[in-house]
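For clarity, every value in this text was computed on a predicted model and none was experimentally measured. Each chain gets a letter, A, B and so on, in the order its sequence line appears, and its residues count up from 1.
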2 protein chains.
Amino acid sequence: MRVVKSAEERKNEILDVAEQLFASKGFDQTSTNDIINEIGIARGTLYHHFKSKEDILDAVIDRITGTLMRQAGAIAADRRIPLLDRLTGSIMALNVDSRLGEEVMIQVHKPQNALLHQKMQEGMIRGIVPILSGLIEEGCREGIFHTPYPEEAAEMVMIYSNVAFDELEDRSPEERMRKIQAFIFHTERITGAEEGALQEAILRIFSK
Amino acid sequence: MRVVKSAEERKNEILDVAEQLFASKGFDQTSTNDIINEIGIARGTLYHHFKSKEDILDAVIDRITGTLMRQAGAIAADRRIPLLDRLTGSIMALNVDSRLGEEVMIQVHKPQNALLHQKMQEGMIRGIVPILSGLIEEGCREGIFHTPYPEEAAEMVMIYSNVAFDELEDRSPEERMRKIQAFIFHTERITGAEEGALQEAILRIFSK
DNA sequence: CAGCGACCGACAGGCTGTCGGTCGCTGAGA
DNA sequence: TCTCAGCGACCGACAGCCTGTCGGTCGCTG
């Protein structure tokens with residue numbers, strides 16, 4: 001049967017299904033047949049809306065990173081919140097909640113999803129680093145942070161949290177806690193914050 | 001024509017060709033046909049020696065990371081060299097020379113080679129982090145470094161250098177220099193070294 | 001000369017992307 | 001209000017790849 005929808009509606013429908021399948025099986029293991037069978041459209045329709053399978057992946061990632069960046073950006077720009085809390089808050093916004101990409105985030109780390117992971121990481125870094133480095137610069141002017149390399153500092157923090165927390169899934173709770181503690185400690189050192197300052201900010205967020 | 005070789009010889013022949021092809025075209029873009037045509041063997045022969053295409057990739061990566069790790073390990077263990085020089089030396093051994101994997105290293109960063117890149121990174125981290133963290137612990141005992149998290153410090157330094165220097169290829173020389181300076185600066189901060197200490201060690205290496 | 005293991009190549013089954021053609025919807029003109 | 005042309009969403013067969021399998025061959029060695 002032939003059901004016509006607007007291009008935008010159909011595109012989103014494809015992205016929804018693709019995101020779900022990529023998340024549960026990985027990109028390589030998901031065939032375009034899986035996608036079109038799930039939706040009930042023909043091969044031609046899929047390729048009418050997207051020029052390749054990888055094009056679909058890119059669009060899925062754009063949607064997710066866009067959402068994450070908007071959330072992080074909103075926190076970073078909210079001047080009612082103390083600066084340190086904005087920094088920790090926007091980093092945490094990337095690794096936790098975010099309803100939309102949640103499933104993807106869980107599966108993203110499997111070895112099979114290398115392309116997904118890499119593209120996502122690239123997109124995140126491009127989008128988030130400027131936000132974080134803005135916060136760090138602001139902190140330098142306020143005397144909270146001290147570093148001649150705010151941008152690279154942001155980059156280092158982002159990259160580490162992205163890669164290292166991937167392998168956290170299958171660790172013991174103690175190990176996880178240690179890694180997180182270490183991450184906070186190193187972020188303080190890199191940004192030149194006072195020791196324990198970020199730690200406090202994080203406790204402040206959780207106590208709410 | 002039928003040429004019989006020992007299993008080991010044939011395996012290495014396959015790995016040599018695969019490494020070269022993966023490096024120049026990427027893993028996904030290299031078909032098993034490319035490999036067997038280049039060597040002049042049949043499909044069955046390839047699958048007699050390796051159980052899958054990915055198995056070949058794993059073997060290629062093992063060879064490369066093994067070589068790099070041996071080099072870095074040798075430097076790290078050479079007690080005739082000052083500790084700081086051993087640290088910088090073993091990190092540098094991973095990103096520069098290494099004749100064998102050179103071509104691969106150049107192409108590894110292309111977006112298409114995501115799987116190659118990720119597997120390589122994982123292997124490197126697993127192998128190098130213990131070496132570096134050993135050096136850092138040693139430095140802590142000597143009073144050169146100061147950190148409660150030597151292992152995570154090593155991890156952070158390794159991950160960053162692996163990811164961030166990927167995108168360095170297409171930057172201006174000034175930007176590169178800045179990134180490298182920043183990396184050294186942050187490594188000092190993370191390890192709790194005196195500011196400028198690593199910088200000096202690196203200059204010492206290059207001046208030879 | 002037997003047996004092992006390196007080697008062969010046809011084949012099954014799956015994949016992506018293409019292309020000529022169909023059909024529903026919309027809006028302009030009668 | 002009716003008609004009809006054109007646009008764009010949609011279809012599905014097909015070409016041309018791909019990986020991995022399997023029964024069988026043949027060289028070497030003891």
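- OP1 or OP2 of C/dG17 sits under 4.0 Å from a side-chain N or O of A/Tyr47.
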Quick one: which protein N/O atoms are closer than 3.5 Å to N/O atoms of nucleotides 13-16 of chain D? Pair and distance per line, please.
none

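- Taking a cutoff of 4.0 Å between a charged side-chain nitrogen and a carboxylate oxygen, A/Asp16 and A/Arg63 qualify as a salt bridge.
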Using a cutoff of under 3.5 Å, can you pull out all pairs of nitrogen or oxygen atoms linking the protein to nucleotides 13-15 of chain C, with atom names and distances?
none

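- The pair A/Arg86-A/Asp78 fails the salt-bridge criterion, with no side-chain N (NZ, NE, NH1 or NH2) lying under 4.0 Å from an Asp/Glu carboxylate O.
- One finds a salt bridge joining B/Glu54 and B/Lys119 here, because a Lys/Arg side-chain nitrogen approaches an Asp/Glu carboxylate oxygen to under 4.0 Å.
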Every protein N/O within reach of nucleotides 27-29 of chain D N/O, cut-off under 3.5 Å:
none

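- The salt bridge (Lys or Arg N to Asp or Glu O under 4.0 Å) test applied to B/Arg2 returns no partner, not counting sequence neighbours.
- Using a 30° and 60° split on the angle between ring planes, A/Phe22 and A/Phe27 fall in the perpendicular class, above 60°.
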With Watson-Crick and G-U wobble geometry limited to distances under 3.5 Å, how should the secondary structure of DNA chain D be encoded in dot-bracket form, using | for bases paired to another strand and [ ] for crossing pairs? ||||||||||||||||||||||||||||||
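- For A/Arg10, the side-chain hydrogen bond (donor to acceptor under 3.5 Å, both in side chains) test picks out A/Glu13, with sequence neighbours left out.
- Nucleic acid contact class of B/Ser52 (heavy atoms, under 4.0 Å, all strands): sugar-phosphate only.
- Using a 4.0 Å cut-off between charged side-chain N and carboxylate O, A/Arg79 and A/Glu138 make a salt bridge.
- When rounded to the nearest whole Å, the span between NE2 of B/His48 and C1' of C/dC8 equals 12 Å.
- Two rings, from A/Tyr149 and B/Phe185, have their centers less than 6.0 Å apart.
- Among the heavy atoms of the strands, none lies under 4.0 Å from A/Leu46.
- Each of D/dT21, C/dC7, D/dA9 was ranked by its minimum atom distance to the side chain of A/His49; first place goes to D/dA9.
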